[in-house]
Colleague: 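Below you'll find the structure I mean.
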Amino acid sequence: MPQQIILDVDTGIDDSLALLYLLASPEAQIIGIAATAGNVPTAQVAANTLALLDLAGADEIEVAAGADVPLAVPLRTTEDTHGPQGLGYAELPVSTRPLSDRSAAQMWVDLARANPGSAIGLCTGPLTNLALALRIEPELPRLLRRLVIMGGAFNHPGNTTPTNEWNIHVDPEAAKEVFDAFSAAAPDRRPLVCALDITESIEMRPEHLARLAEAAHSTPIERVAAGDAPEWRSAASNPIIRYLVDAVRFYFDFHDLYDLGYLAHMHDPFAAAVALDPALVLTRPATVDVELAGTITRATTVADWAGMWGREPNADIAIGTDPAVFFERLVTRVGAFARRLYPEPPQ
Ligand code: RIB
Ligand code: CA
């Protein structure tokens with residue numbers, strides 16, 4: 001039986017690679033996607049996700065729109081990081097498929113109740129809609145088989161302020177409600193947290209794009225580089241490779257602009273790979289809480305590794321991995337998926 005996944009995204013460039021990774025993984029079955037405001041507004045997240053599902057031949061998967069704003073603060077988006085529409089330099093045809101009639105929060109609850117103990121929740125964006133779902137159904141931690149979260153920073157600098165990470169920064173109240181809700185979770189039900197500590201070791205580089213093109217039998221094999229003209233667009237024969245080159249190149253440019261190198265931290269597809277195979281990471285239990293009142297530390301995730309607060313652990317934090325293993329899986333799976341979906345005509 002494939003592993004059922006409830007996916008909650010703020011698509012976003014790396015969210016789109018998480019989606020493709022799951023679609024390319026035979027052991028995964030996405031049973032619903034929640035569109036959460038974050039990288040771009042909710043409506044754009046939903047449109048991006050529908051367009052990607054069309055591109056990937058997966059237009060039967062439900063996409064439900066989430067709240068337009070975080071629980072307690074105005075929405076902040078980051079088009080400078082992910083591009084004006086959230087897919088970098090890529091532009092996909094607008095899907096004609098309608099969104100789900102139910103809200104993202106209601107979809108979370110309905111799917112968890114309909115599949116008690118078997119669905120894995122994977123959050124690669126802010127936790128707004130999961131928090132709203134927990135308000136509807138406080139039993140969600142027991143109804144889900146597991147929750148995997150891309151978010152936070154512990155013994156590692158933030159990427160949005162010196163101490164906080166984007167997904168938590170957008171909606172810290174939601175993040176606190178989620179971690180608090182799992183405070184009584186059994187050890188095997190604690191959220192598995194992929195924070196910047198681990199995801200900033202997942203450095204995608206131009207050669208990974210070239211390997212993906214080779215695996216997809218796409219031509220030409222394009223080798224993008226720092227300084228390429230922003231207006232350049234991929235001419236790859238495979239539409240998924242063409243999308244990836246145009247989307248990820250924007251992410252390379254963003255990281256390069258901030259002196260991180262001509263690379264891209266692939267936060268979300270890594271979390272997706274961990275959701276399908278937790279053995280990819282070494283984890284350590286901790287009690288996680290979220291600072292809400294700090295003036296310069298608001299939205300910081302704090303891990304009590306040693307029980308100083310006298311509270312049971314409510315999270316398993318990923319502290320070790322081999323990035324090469326992940327990239328081998330990403331290239332092999334998504335490359336083969338692209339080749340199957342868009343076979344090259346016989347030469
Ligand atoms: O901080 C990285 C996270 O924020 C990723 O999920 C990225 O897509 C953005 O949502
Ligand atoms: Ca994301």
Side-chain angles (χ1 to χ4, degrees), residues 5-22 30 33-42 44-49 52 63 66-67 70 75-88 90 104 121-130 147-154 156-172 174-175 178 191-204 244 247-248 250-255 258 260 263-275 290 299-301 317-318 326 330:
I5 301 282
I6 302 171
L7 181 59
D8 194 321
V9 293
D10 64 335
T11 313
I13 296 167
D14 57 333
D15 303 76
S16 73
L17 272 85
L19 178 56
L20 290 172
Y21 184 91
L22 293 172
I30 302 174
I33 304 177
T36 292
N39 290 324
V40 290
T42 302
Q44 189 63 56
V45 171
N48 291 346
T49 305
L52 280 156
V63 178
L75 174 61
R76 176 184 172 192
T77 56
T78 182
E79 286 80 359
D80 61 323
T81 309
H82 290 265
Q85 292 187 320
L87 298 177
L122 170 60
C123 296
T124 64
L127 297 172
T128 309
N129 294 299
L130 179 53
L147 176 66
V148 177
I149 294 170
M150 190 282 129
F154 296 101
H156 193 88
N159 65 356
T160 306
T161 70
T163 61
N164 73 34
E165 175 277 328
W166 174 258
N167 288 334
I168 310 300
H169 174 91
V170 169
D171 196 341
V178 169
L192 202 168
V193 182
C194 295
L196 296 183
D197 308 54
I198 201 89
T199 64
E200 288 195 345
S201 72
I202 310 301
E203 298 180 338
M204 188 167 188
L244 286 171
V248 176
F250 188 98
Y251 223 16
F252 286 157
D253 285 344
F254 173 82
H255 286 73
Y258 285 88
L260 295 168
L263 54 89
H265 295 139
M266 280 296 156
H267 313 277
D268 296 346
F270 180 74
V274 170
V290 182
T300 299
T301 47
I317 299 172
F326 162 72
L330 177 75

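We count ligands from 1, going down the list as the structure has it; atoms in each ligand are counted the same way.
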Colleague: Quick one: does H255's side chain have a donor or acceptor within less than 3.5 Å of a partner on Y251's backbone?
Modeller: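 Looks like yes, one N/O pair under 3.5 Å.
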Colleague: Report, in ascending order of atom number, the atoms of ligand 1 lying under 4.0 Å from any heavy atom of M150.
Modeller: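 The list of qualifying atoms is 2 (C), 3 (C), 5 (C), 6 (O).
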Colleague: Rounded to the nearest 0.5 Å, how far apart are CG of L87 and OG1 of T11?
Modeller: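 Rounded to the nearest 0.5 Å, the CG-OG1 separation comes to 7.5 Å.
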Colleague: Shortest non-hydrogen contact from R76 to V170?
Modeller: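 Between these two residues, the closest heavy atoms are O-CG2, 3.9 Å.
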Colleague: For atom 8 (O) of ligand 1, find the nearest protein heavy atom and state the residue, atom name and distance (0.1 Å precision).
Modeller: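 I find the closest protein heavy atom is D14 OD1, 2.5 Å.
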Colleague: Is there a polar contact between ligand 1 and H267, counting only N or O atoms under 3.5 Å apart?
Modeller: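 N/O-N/O distance under 3.5 Å: no.
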Colleague: To which protein heavy atom is atom 6 (O) of ligand 1 closest, and what is the distance rounded to 0.1 Å?
Modeller: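 The answer is D268 OD1, 2.6 Å.
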Colleague: May I ask you to identify, for N159, whether its side chain, its backbone, both or neither come under 4.0 Å of ligand 1 on a heavy-atom basis?
Modeller: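 Side chain only; the backbone of N159 stays clear of ligand 1.
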Colleague: Which ligand 1 atoms does D15 reach within 4.0 Å, using its non-hydrogen atoms?
Modeller: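 In order of numbering, the contacting atoms are 8 (O).
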Colleague: Heavy-atom contacts under 4.0 Å between N39 and ligand 1: side chain, backbone, both, or neither?
Modeller: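 Answer for N39: side chain.
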Colleague: Any idea which heavy atoms bring P126 and D8 closest together, and the distance?
Modeller: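 That closest heavy-atom pairing would be O-OD1, 4.4 Å.
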Colleague: Could you please spell out the steps behind the side-chain hydrogen bond (donor to acceptor under 3.5 Å, both in side chains) verdict for D197 and H156?
Modeller: CA-CA 5 Å; D197 308 54; H156 193 88; 5.0 Å; no
Colleague: Among side-chain atoms of T36 and D10, is any donor-acceptor pair under 3.5 angstrom?
Modeller: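 Judged by distance alone, the side chains do not pair up.
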Colleague: For ligand 1, is any non-hydrogen atom under 4.0 Å from T124's backbone (N, CA, C, O), its side chain (CB onward), both, or neither?
Modeller: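 The answer is the backbone.
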Colleague: Return the residue, atom name and 0.1 Å-rounded distance of the protein heavy atom closest to atom 10 (O) of ligand 1.
Modeller: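 That would be N167 OD1, 2.8 Å.
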Colleague: Can you name the closest pair of heavy atoms from A67 and A37 and give their distance?
Modeller: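 Shortest heavy-atom contact: O-CB, 4.1 Å.
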Colleague: Can you find a non-hydrogen atom of H82 under 4.0 Å from ligand 1?
Modeller: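 The answer is yes: ligand 1 sits under 4.0 Å from a heavy atom of H82.
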Colleague: What atoms of ligand 1 come closer than 4.0 angstrom to any heavy atom of E165?
Modeller: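 Listed by number with element: 1 (O), 2 (C), 3 (C), 4 (O).
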Colleague: Can you see whether N39 engages D15 through a side-chain donor-acceptor pair at a distance of less than 3.5 angstrom?
Modeller: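 Per modelled atom types, N39 and D15 side chains form a pair under 3.5 Å.
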Colleague: Show all protein N/O/S atoms under 3.0 Å from the Ca ion (ligand 2), or state that there are none.
Modeller: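 Hits for the Ca ion (ligand 2) below 3.0 Å: D10 OD1, D15 OD1, D15 OD2, T124 O, D268 OD2.
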Colleague: Okay, side chain of E79, backbone of P84: is any donor-acceptor separation there less than 3.5 Å?
Modeller: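 Side chain of E79 to backbone of P84: no pair is present.
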Colleague: Before you tell me yes or no, could you show the steps for T160 and H169 under side-chain hydrogen bond (donor to acceptor under 3.5 Å, both in side chains), namely the whole-Å CA-CA distance, both residues' side-chain angles and the distance that decides it to 0.1 Å?
Modeller: CA-CA 7 Å; T160 306; H169 174 91; 5.2 Å; no
